Amino acid sequence: MSTQPERIDVSDLPDYAFGHRSTLWWGTGGFVVIEATAFALAVFAYFYLRSKLPEWPPGVAPPDLLWGTLNTGVLLASAVPNQWVKKAAEEQHLGRVRLWLVVCLAFGAAFLTIRGFEFTSLNCAWDTNAYGSIVWAIMGLHTAHLITDVVDTGVLTALMFTRHVRERRFVDVSEDAFYWYFVVLVWPPLYGVIYWVPRLD
């Protein structure tokens, strides 16, 4: 009687996974934690400077609300196609992935275009004073994340329209959508700090 353990053939199992079973998910999550800390430090610096000055903002008007509010709506709305592309990627439905990636790119392009108008409506330059510097730093930090993810989404979109589509690319799309959620969710509190805190005094 043989005492050898029964062997299970796993050769047909995929070499990729979605969600927490993927190393890419953990890498993206770690990056989100680091970047969230950077935003928290920037907001802390903002309130530290505010606590040291009797007038806030010092010597300038608060940022105009139009472009920042419009952009907040655009960014929040972008979460809808982002969820659809994430779902399509996890179902490995190439047609829907292509469609929703293009829609997500359009939202990203719209947001970045409006962000340009936002910078012109802050009513201060980066070197106006400490207030201007920290506002531009926060806006610049968030914009850098947006640009990074829009470029990443653009690369993935291009790949999905080539013959080089592989199953693991759907994981990349899913994790790109996960990161976009971070970019979306971090903005409302930043919007409150930049646009509404100066109006509280």
Side-chain angles (χ1 to χ4, degrees), residues 8-39 66-119 139-192:
I8 300 173
D9 183 8
V10 296
S11 60
D12 291 333
L13 292 177
D15 60 352
Y16 60 92
F18 292 93
H20 67 276
R21 294 173 297 141
S22 166
T23 54
L24 184 58
W25 185 88
W26 288 100
T28 304
F31 187 72
V32 164
V33 169
I34 293 168
E35 296 306 307
T37 303
F39 281 115
L66 173 63
W67 296 113
T69 304
L70 176 61
N71 233 2
T72 300
V74 170
L75 193 60
L76 292 174
S78 75
V80 175
N82 187 65
Q83 175 59 28
W84 288 341
V85 77
K86 183 172 174 59
K87 185 174 187 297
E90 290 170 358
E91 293 173 355
Q92 299 183 36
H93 193 292
L94 182 59
R96 290 204 308 263
V97 165
R98 286 172 171 170
L99 170 65
W100 294 118
L101 277 175
V102 171
V103 173
C104 287
L105 266 182
F107 268 97
F111 189 93
L112 288 173
T113 301
I114 299 170
R115 175 55 56 88
F117 291 103
E118 270 191 272
F119 276 109
M139 291 282 289
L141 190 60
H142 189 253
T143 304
H145 286 76
L146 282 161
I147 292 170
T148 300
D149 200 54
V150 168
V151 169
D152 190 31
T153 302
V155 170
L156 287 171
T157 303
L159 282 172
M160 287 297 175
F161 279 93
T162 69
R163 59 187 176 82
H164 300 291
V165 177
R166 300 288 184 271
E167 288 82 359
R168 63 175 54 254
R169 291 296 175 210
F170 291 105
V171 177
D172 297 340
V173 172
S174 177
E175 297 314 318
D176 181 60
F178 170 43
Y179 183 73
W180 186 256
Y181 279 130
F182 165 69
V183 175
V184 170
L185 293 175
V186 80
W187 176 244
L190 296 179
Y191 167 76

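Values below: all heavy atoms of this structure, side chains included; hydrogens, waters and symmetry mates excluded. Given the structure is predicted, the values throughout are model-derived calculations rather than measurements.
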Quiz prompt | Q83 and Y181: CA distance, side-chain angles, deciding distance, side chain to side chain contact (heavy atoms under 4.5 Å, CB included) verdict | solution = CA-CA 9 Å; Q83 175 59 28; Y181 279 130; 2.5 Å; yes
Rounded to the nearest 0.5 Å, what separation is found between the [atom1] atom of [X] and the [atom2] atom of [Y]?
{"X": "D152", "Y": "I147", "atom1": "CG", "atom2": "CD1", "answer": "13.5 Å"}
{"X": "N71", "Y": "I114", "atom1": "CG", "atom2": "CD1", "answer": "4.5 Å"}
{"X": "L99", "Y": "L94", "atom1": "CG", "atom2": "CG", "answer": "11.0 Å"}

Is there side-chain contact between [X] and [Y], with at least one heavy-atom pair below 4.5 Å?
{"X": "F161", "Y": "V102", "answer": "yes"}
{"X": "L141", "Y": "L190", "answer": "no"}
{"X": "V150", "Y": "F107", "answer": "no"}
{"X": "N82", "Y": "F178", "answer": "no"}
{"X": "E91", "Y": "F170", "answer": "no"}
{"X": "T157", "Y": "C104", "answer": "no"}
{"X": "F111", "Y": "S78", "answer": "no"}
{"X": "W67", "Y": "T72", "answer": "no"}

Quiz item: Which of these passes ring pair (Phe, Tyr, Trp, His ring centres under 6.0 Å) with H142: F182, W187, F119, Y191?
Solution: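 Considering F182, W187, F119, Y191, a ring pair (Phe, Tyr, Trp, His ring centres under 6.0 Å) with H142 is found only for W187.
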Testing the basics here: between [X] and [Y], what is the closest heavy-atom pair and its distance to 0.1 Å?
{"X": "V85", "Y": "A177", "value": "CG1-CB, 4.2 Å"}
{"X": "P81", "Y": "A77", "value": "CD-O, 3.3 Å"}
{"X": "S174", "Y": "A89", "value": "N-CB, 4.1 Å"}
{"X": "L159", "Y": "T162", "value": "O-OG1, 2.7 Å"}
{"X": "A88", "Y": "V97", "value": "C-CG2, 3.6 Å"}

Exercise. Take Y179 and H145 through the test side chain to side chain contact (heavy atoms under 4.5 Å, CB included) and record every step on the way to the result.
Key: CA-CA 10 Å; Y179 183 73; H145 286 76; 2.7 Å; yes
Quiz item: Considering residues, nucleotides and ligands other than F117, do more than 12 of their heavy atoms fall under 6.0 Å from its CZ?
Solution: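 Atom CZ in F117 is not packed in, count stays at 12 or less.
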Quiz item: Which pairs, with at least one residue in residues 101-116 and sequence neighbours excluded, count as a salt bridge (Lys or Arg N to Asp or Glu O under 4.0 Å)?
Solution: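 The answer is R115-E118.
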Exercise. Check step by step if side chain to side chain contact (heavy atoms under 4.5 Å, CB included) holds for L75 and L146.
Key: CA-CA 10 Å; L75 193 60; L146 282 161; 4.2 Å; yes
